[in-house]
Amino acid sequence: MRVVCLLIAALSATAAVAVTSATEDLTCLEGQCGDIFGDESALLQMRGAKEAQVQEHNHVHGSDHMKGVSMSWGGFKPSGSPTKADLDHAMEQFKATAPAELTFPDVLTKNANGEYELTLTEASLPTPWIGGAYMTRAYNGRIPGQTIRAKPGELLKIRLKNGLAPGPGTEACTMKDTLGFFLNPDSICQLNTTNLHVHGLHVSPEGNADNIFVTLHSGEEHLYEIQIPENHMGGTHWYHPHIHHATASQAGGGAHGVIIIEDPSGFAPRMIEDMPEMVMMLSLVNPAKEMRLEAWGLATTKGIVAEQVLWKNSAYPNWQWDFVSGFLIDEMGDVIMEGMGLPPYLAVNGQFRPKVTVTEGKWYKMRFVLAALEQLIEIREAEVEEGDGQAHCEYQLLSKDGVFLLEAPRSIDKIYLASGSRADVAVRCKCEPGLDYPWETKRPCQATWNFTASWSPMGTLRKSIELESFTDTLLTIQTNSPTEVAEEPDIQPFKVRRPCYLVDMREADVQKSNKHYVNLPQLYPMKVSVDGVGHVWGHKATPPLAQVPVGQIQEWHVVGVMYHPYHVHVNPYQIVSMRNDPWYKVGDFHDTIFPTQAGVATLRTNIDKFTGHMIAHCHILEHEDTGMMGWWNITGTEGTSYAAAKSLDPTCYEGPFPDTNFWGVY
């Protein structure tokens, strides 16, 4: 399995490990071991108070009181926690429930001032495979949020309101700028403070645009005015909060929605333009980790664990994390009792295991987006024994991370998505003949799509160096016709005419000063380093990773992408060198990569038009929150583009898409 980033090479396996002994076991980096926990004396007082609370409880109830409070690696186990039998029963009922038809997020409409209104507020998130539901954070009370559709050249105006109550985690957001890892008590905080990031858009990172330094406290609002370039390629993107130290809790907990930049008329072949579209917003719901993050934020707020409101299960109201008593938390067993697990589950447009009805032989364009606080998923058709009533679907990849492939389509047998990734896939399903009567085909028919979610428990001893995985049903494809229908023709290979900021850069000459070595360390500290220099992003912005001139091509040799999905704002990048990977191909454009078979990648990016903060971070959002984030300082004159773009691709365009109905078949 993939080894997850660790600072702790080995820890004692006894429950006697405390903050002080953990400190002694840590590898000192940069001479800063003395500060890694912030105010260590305060932590020790917190832990002492909790130990006294446990002793008092045991004095009253007896130390072997099975449903009482006990010290463990998973924190407190209060009365009301689910048992293994409870969880098994919930999962059985969940799987026995007939699938409901998939619904799609509403398209958000503008107000009278031409603004899209988003309010971050509380919303209920059912977790039927566990039982009960959780209150979490969401836009306009919906999971996922409504879809925003915009056009190239549009001024995208979004009025964001913070409708959350004050706190938790706003009073003690004082993490020292040191190691920046998950044991630092102040690295998760200000959970009800927010802002907005338009993930994937090629827009300015400054002012009222895609500026992650905007901060909205409870009751505040802000008008984002994001100018989309006239030559912005159409594609699938998404929006989510990006407030440092709370991104995982908010974006990974339900606050996310899809942004679609529409293709100009004639941009793609008519067959692609005319395909019916399905938005597939995938939310990887991880209750164990979200419960821990919420308790973590509360602990940093109050000095002791306060009453938890969000990420509290309605069926088990006394079941919650205790940040202090456990300190090192195991999300794969000891959260409830020894030997039990609590896996994440994947929702499609807020629904679990839905049914998608399609017409046999017809192509559908499915826009996939993965919102997850960490790691990755794979989607593939379930392998079943051949028989009557089985469907088989064909999958043709059109674009990734909102950018068309250089040569489309590409036949695939699975869809791979890292946290934050997108993929537009054309899907066509057919009913297959059965074994018993191979001369006839039973209709209607269905296919099952499974997902495998992989994630790191990231928090304790025996599980911390392994990547956990969980496979189950994502959805069911159901055809709607009892008789055979005419099959639509195959998609012919095509190339779109590209805007100049997305020209193929593999043959470009790159200045030596624009070549950099980027390191995402497998081990702690949590930071992005460039050319050997990096800083953990604590509660203030770090120095820039490097100065990069606008209007030039950068080349980055990135080490560590097998452990950290590398995400960059403002400008997408192109893979120019990477070991063969089933999903990531040389020539493809991305803004997030997380290959399974290569730890090193050489990337090129066209630093186009915009100056200022080009943010780069690990898209395992807990890693970002704990410091693995930096920024490239784009210098020069705003609006400057790469002068040699047309020498690489004479057909590329800088202004609006030329309405020539251009597309080439090769």
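These figures come from a predicted structure and were not determined experimentally.
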Q: Output yes when a side-chain donor or acceptor of D424 lies under 3.5 Å from a complementary backbone atom of V403, and no otherwise.
A: no
Q) Picking from H617, K527, H564, what satisfies side-chain hydrogen bond (donor to acceptor under 3.5 Å, both in side chains) with H623? A) H564
Q. Are H569 and H202 an aromatic pair by the rule of ring centers under 6.0 Å?
A. no
**Q.** side-chain contact (heavy atoms from CB on, under 4.5 Å) against N633, all qualifying residues, sequence neighbours excluded
**A.** P544, Q547, W631, T635
Q: Would you check if the side chain of Q351 reaches a backbone N or O of T103 as a donor-acceptor pair within less than 3.5 Å?
A: yes
(Q) With a 6.0 Å cut-off on the ring centroids, do H590 and Y573 count as close? (A) no
Q | Y224 side-chain N/O to L196 backbone N/O, donor-acceptor pair under 3.5 Å | A | yes
Q | H535: side-chain contact (heavy atoms from CB on, under 4.5 Å) partners, not counting sequence neighbours | A | V533, T542, P543
(Q) So, applying ring pair (Phe, Tyr, Trp, His ring centres under 6.0 Å) with H240, which one of H256, H567, H197 is it? (A) H197
Q | Backbone N/O of T147 and side chain of R149: donor-acceptor pair under 3.5 Å | A | no
Q. Between the side chains of T605 and W556, does any donor sit under 3.5 Å from an acceptor?
A. no
Q. Is K414 reaching over with its side chain to a backbone N or O of E381, donor-acceptor style, under 3.5 angstrom?
A. no
Q.
Using modelled atom types and a 3.5 Å cut-off, is there a donor and acceptor pairing between side-chain atoms of N195 and backbone atoms of H242?
A. yes
Q) Any donor-acceptor pair under 3.5 Å linking the side chain of Q250 with the backbone of L191? A) yes
**Q.** Which atom of N571 lies closest to which atom of N606, heavy atoms considered
**A.** OD1-O, 3.3 Å
Q: Measure from the ring center of H613 to the ring center of F213 and say whether it is less than 6.0 Å.
A: yes
Q | N211-E206 side chain donor-acceptor pair, cut-off 3.5 Å | A | no
**Q.** Partner set under side chain to side chain donor-acceptor pair (under 3.5 Å) for N450, not counting sequence neighbours
**A.** none
Q | Donor on one side chain, acceptor on other, N208 and H222, under 3.5 Å | A | yes
**Q.** Donor-acceptor under 3.5 Å (Q574 side chain, M505 main chain)
**A.** yes
Q | Rounded distance [0.5 Å steps], OG in S421 versus CD1 in I415 | A | 12.5 Å
Q. Is the gap between the ring centers of Y139 and Y239 under 6.0 Å?
A. yes
Q) Donor-acceptor pair, E154 side chain versus K151 backbone, under 3.5 Å? A) yes
Q.
Before we go on, tell me: are the rings of F589 and F404 under 6.0 Å apart, centre to centre?
A. no
Q) Between the side chains of H516 and D531, is a donor N or O closer than 3.5 angstrom to an acceptor N or O? A) yes
Q: Would you sort out whether Y395 and W449 count as a ring pair (Phe, Tyr, Trp, His ring centres under 6.0 Å), showing the intermediate values?
A: CA-CA 12 Å; Y395 310 90; W449 290 5; 5.6 Å; yes
Q: Name all residues meeting the ring-ring contact (aromatic ring centres under 6.0 Å, His included) criterion together with F451; count only those two or more places apart in sequence or in a different chain, and write none if there are none.
A: Y345
Q: Please lay out, stage by stage, how E622 and K289 fare under the test salt bridge (Lys or Arg N to Asp or Glu O under 4.0 Å).
A: CA-CA 10 Å; E622 188 175 2; K289 182 145 288 186; 3.3 Å; yes
**Q.** Partner residues of V600 under the side-chain contact (heavy atoms from CB on, under 4.5 Å) criterion, sequence neighbours left out
**A.** H557, V559
Q: Without swapping roles, check the side chain of S419 against the backbone of A372 for a donor-acceptor pair under 3.5 Å.
A: yes
(Q) List the residues meeting side-chain contact (heavy atoms from CB on, under 4.5 Å) with R142, not counting sequence neighbours, and say none if there are none. (A) D106, Q146
